[in-house]
Structures are given as C-alpha cells and as structure tokens.
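Take a look at the structure set out below.
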Amino acid sequence: MSSDRSAPPWRGRADGKPPTLKDVARLAGVSPITVSRTLNQPEIVRPVLREKVFRAVRESGYQPAMLTTGAMPQDSRLIAVLVPTIVNSIFADTVQALMQTLTEAGHQTLLGLTDYSAEREEQLLDTLLRRRPDAMVLTGTLHTAASRLRLSQAGIPLVECWDQGERPLDMLVGFSHAAVGCAIAAQLLERGYRRFASLTLDDPRGRLRRDAFRAELARQGLGTPPEVSLPPPATPVLGREGLARLLDAGEHPEVVVCSSDTLAHGVLAEAHARNLRVPEDLAVMGFGNLASAAHLLPALSTVDVRGADMGTHAAAALLARLAGAEASRQRDTGFELIMRESTR
C-alpha cells in the first residue's frame, strides 16, 4: 500500500552508487511495490501516483534493472518500430521499406501499435526497452515526458519519422505537416475554391495540417471552414459519416479536404449516394496517395508523402549509427501534391 510522504530533493546517494528502486520510492513518497508496479504495468496505476513515480525517476536518474544488467546480449539485432496503426495503410510504404532494408542488413524488427496515443506509446516503451533493442523507430515527435526520459536513458539510436520539428530526440526523418496544410490551401485557392470544409482524423499530425490549412485561408481573408473531427483509425465508413454530418447540418462546401485518402474514399461514396457530382457539385481532396487513390472514380486528388523514402532513409540512418558512422540528425523527405479528377 502506498503512502504520501514528502521527501527532500534528490541529492544523490551518500555512497556515490546509482539510485535504487527504494531510493525512487523514498523520493516519490510511495512504497517500493508501487514503483515496481508503475515501471512494469503503468496502465494499472492511478495517474497521480504514476506521475509521482516518473518524476522521481527523472530526478534521480534511476534506470530499471533490466536496462542496466547484462540479462540480454548487448547486440540483440532487434530494432523496435512503433506506428499508430496497421488498419490504415497510409503507413504501409514506410514500414515495408524500413523493415526490408533492416532485414537485408541482418536485423529483426518488432512492431508495436500505439493507437495514436502518447500514453499507449509510453506503455509500449516500458515493455520494448526491456527487450534491449539495438535501436528504435517512432512515429511522430509528440511523446510524454516519461517516454522522453526513458528514451534519453536508453542509450540507443532513435529515429522519429513522419514529422519535422525543432527538438528531435536523436534523428528525424519526415516532412512538415504544416507545410502540407499551407500547400493544400494555396493550391485549392488557386483553382478558384472559396467554400471549404474539412474532415480531420483526431491525431496530432492531422491537426497540424488542419491548423496550417485554416491559417492560410485566414491570411486570404476567408473565415474558418466547418469541420468534422473523427476518431482514429480512418475508415471509408467514417468518411461517409463525416460528409453526411456536414451536409445534414446545412453546410454547402465547394470542396472537402480530408486528412487521409481513406476518409476521402468514404466521402466519394457518400457523394455518389446523394447524387452529387464530383467535382462539379463537390470536390474532394485526400492525403497520403494510397495505391487505390488513382483508381477511384473519379481519381482522387491527394498528397504524396514519399512513405517508402522515409522508411529507407530511417533504416539507413540507424544502420549507419549502429556501424559507428555519423548520420544526419534531420532529413526532410518532402511531399508532392497530386491533383487528379476529384478537383477541378
């Protein structure tokens, strides 16, 4: 049973040795068993206790025993890869190129699914780091404070992909979501559209694109377009529901901007069911350039994010670092707008 004692600031052990689990417990004002449970099964610990323990871990610099002992070989040939989902194939090109390159170099990959949740990522890291992977690939740059601490203490090469940012944990391979949002707005404005709506998957990267898209419209003197926010993962059914909600609310957009091709696929289906001509009555813009996008009726306008390039460059950066060579800290793989028949 945990207690709630206050403790003085951590000043290190008098004997100079590394902090122990009991030291963390004293610093957090909880019992050792609460510390152990938090580190091994954080999902079952109350948030207030979990934050106390992780704060004490950060202050003391404590490293869980399995990360500091020789329980597993130093060279495990294992690389962990964390992605939000495999339901949405938008990540498939990146994962395929990454795993193929690493496999050809003699490494095994372990895939973890975060469900678009930084808290779920934190839980997975607790498990994966105990397997002592040689390196790790993460999707995006948004992590909990506890995750950033764990990763900084792990001492292994890390690549964050599918994003750009100013504070990478280690190496960063991806593209600017804000730049994508601005480019979509500029392209559609150039084509004469003035009445917009958006269907946005409720994930951090989708929101970044949406916010930049809205900001660009505001700079052009247009108001904030109506939006429907949808829970991940993206499915065509969600896309249909999203468009139905917009139209049933009395909105009359000229173009609907979707945060994924999967949602856009559903929008096309719902438009067809309502006898709306695309793009004459309603234009549709997607994101991701999935393999099916060019073969929909009409073919979908979208954004190609060069997913395979991201996977290849991420793998190359890890392999270089594991071989003791220098690797670029940040690589922008860019993107390309692909305008097809779903927009005029």
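FYI, side chains are in, hydrogens and waters are out, and symmetry mates aren't considered; it's all heavy atoms of this structure.
- If you chain together hydrophobic residues whose side chains sit under 4.5 Å apart, L208 and Y116 never meet in one group.
- Using a distance-only test at 3.5 Å, with no hydrogens or angles considered, a donor-acceptor pair links the side chain of S342 to the main chain of V284.
- No side-chain N or O of N289 forms a donor-acceptor pair with one of T302 less than 3.5 Å apart.
- At a threshold of 4.5 Å between non-hydrogen side-chain atoms, the residues F287 and I90 count as touching.
- Between T101 and L319, some side-chain heavy-atom pair lies under the 4.5 Å cut-off.
- Using modelled atom types and a 3.5 Å distance limit, the side chains of H177 and R209 yield a donor-acceptor pair.
- There is a path of hydrophobic side-chain contacts, each under 4.5 Å, that joins F196 to M339.
- Distance alone, capped at 3.5 Å, places no donor-acceptor pair between the Q153 side chain and the R148 backbone.
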Checking H295 against L300 for the side chain to side chain contact (heavy atoms under 4.5 Å, CB included) test, could you report, in this order, the C-alpha distance in whole Å, the side-chain angles of both residues, the deciding distance, and whether it holds? CA-CA 8 Å; H295 305 288; L300 181 65; over 6 Å; no
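- Taking 4.5 Å as the limit, some side-chain heavy atom of L199 sits within range of a side-chain heavy atom of L246.
- Annotation for Q164 and S176: closest pair CG-N, 3.9 Å, computed over non-hydrogen atoms.
- Judged by distance alone, the side chain of S147 and the main-chain N or O of H143 form no donor-acceptor pair under 3.5 Å.
- Partners of D304 under the salt bridge (charged side-chain N to carboxylate O under 4.0 Å, His left out) rule, at least two apart in sequence or in another chain, do not exist in this structure.
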Validation: residues 220-233 side-chain donor-acceptor distances under 3.5 Å, sequence neighbours left out:
| from | atom 1 | to | atom 2 | distance (Å) |
| --- | --- | --- | --- | --- |
| E227 | OE1 | R214 | NH2 | 2.9 |
| E227 | OE2 | T200 | OG1 | 2.8 |
| E227 | OE2 | R210 | NH1 | 3.3 |

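- Taking CD of Q108 as the start and CE of M99 as the end, the distance is 9.0 Å to the nearest 0.5 Å.
- Between Y193 and A283, the closest heavy-atom pair is OH-CB, 3.3 Å.
- Taken to the nearest 0.5 Å, the CG atom of L98 stands 7.0 Å off from the SG atom of C161.
- Between the side chain of R329 and the main chain of D170, a donor-acceptor pair closer than 3.5 Å is present.
- Between the side chain of E254 and the backbone N or O of R194, at least one donor-acceptor pair lies under 3.5 Å.
- I338 and F213 sit in two unconnected hydrophobic clusters of ILVMFWY residues. Membership requires side-chain heavy atoms under 4.5 Å apart, directly or through other members.
- Between W162 and F175, the ring planes are perpendicular. Angles over 60° get that label, and only those under 30° would be called parallel.
- Contact between C258 and A264 at its shortest, heavy atoms only, is SG-CA, 3.7 Å.
- Between R340 and A299, the shortest heavy-atom distance links the atoms CB-O, 3.5 Å.
- Atom CD of E341 and atom OG of S301 lie 7.5 Å apart (nearest 0.5 Å).
- No side-chain heavy atom of T141 sits less than 4.5 Å from a side-chain heavy atom of R167.
- Screening L128, T139, L113 for a side-chain contact (heavy atoms from CB on, under 4.5 Å) involving L82 leaves a single residue, L128.
- Side-chain contact between V83 and V81 is present, with heavy atoms from C-beta onward closer than 4.5 Å.
- P84 and R205 make their closest contact through CG-NH2, 3.5 Å (heavy atoms, listed as atom of the first residue, atom of the second, distance).
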Carefully, step by step, assess V303 and E336 under the rule side chain to side chain contact (heavy atoms under 4.5 Å, CB included). CA-CA 6 Å; V303 183; E336 180 183 2; over 6 Å; no
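- In this structure, the side chain of R321 does not engage the main chain of P157 through any donor-acceptor pair within 3.5 Å.
- Remark: the backbone N or O of G174 is paired with a side-chain donor or acceptor of T333 at under 3.5 angstrom.
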Would L110 and R131 satisfy side chain to side chain contact (heavy atoms under 4.5 Å, CB included), going step by step from the backbone distance to the final call? CA-CA 10 Å; L110 181 63; R131 299 286 302 273; 4.1 Å; yes
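- If you check the side chains of T144 and E122, you find a donor sitting under 3.5 Å from an acceptor.
- Looking at E59 and R55, no side-chain N of the basic residue comes within less than 4.0 Å of a carboxylate O on the acidic one, giving no salt bridge.
- Placement of I86 and I79 within a single hydrophobic cluster is found when ILVMFWY residues are connected by side-chain heavy-atom separations under 4.5 Å, directly or transitively.
- Using a 4.5 Å heavy-atom cutoff, the side chains of V255 and L282 are not in contact.
- Under the 4.5 Å side-chain contact rule for hydrophobic residues, L151 and L142 do not share a cluster.
- Once rounded to the nearest 0.5 Å, the distance linking CG of D134 with CZ of R132 reads 9.0 Å.
- Side-chain atoms of V278 and L268, non-hydrogen and from C-beta on, do get closer than 4.5 Å to each other.
- Pairing each heavy atom of A273 with each of R240, the nearest pair is CB-NH2, 3.4 Å.
- Summarising the geometry, atom OG1 belonging to T109 is positioned 12.5 Å from atom CZ belonging to R77; distances are rounded to the nearest 0.5 Å.
- For the residue pair S31 and T34, a side-chain donor N or O sits within less than 3.5 Å of a side-chain acceptor on the partner.
- For the pair I156/P133, a side-chain contact is recorded, criterion being any heavy-atom separation below 4.5 Å from C-beta on.
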Is there a side chain to side chain contact (heavy atoms under 4.5 Å, CB included) between V159 and L172? Walk through the geometry before answering. CA-CA 5 Å; V159 172; L172 186 58; over 6 Å; no
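- With hydrogens and angles ignored, the 3.5 Å screen pairs a side-chain donor or acceptor of Q330 with a backbone N or O of G165.
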Would you list the atom pairs, donor with acceptor, under 3.5 Å between side chains in residues 180-192 and any protein atom, with sequence neighbours excluded?
| from | atom 1 | to | atom 2 | distance (Å) |
| --- | --- | --- | --- | --- |
| Q187 | OE1 | R191 | NE | 2.7 |
| Q187 | OE1 | R191 | NH2 | 3.4 |
| R191 | NH1 | R344 | O | 2.8 |

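- A distance-only check finds no donor-acceptor pair linking the side chain of R150 to the backbone of D126 [under 3.5 Å].
- A side-chain donor-acceptor contact under 3.5 Å links T20 and D23.
- A side-chain donor-acceptor contact under 3.5 Å links D261 to the backbone of L290.
- Classification of D332 and R306 as a salt-bridged pair fails, no side-chain N sitting under 4.0 Å from a carboxylate O.
- From L201, atom CG reaches atom CG of L238 across 7.5 Å, with rounding to the nearest 0.5 Å.
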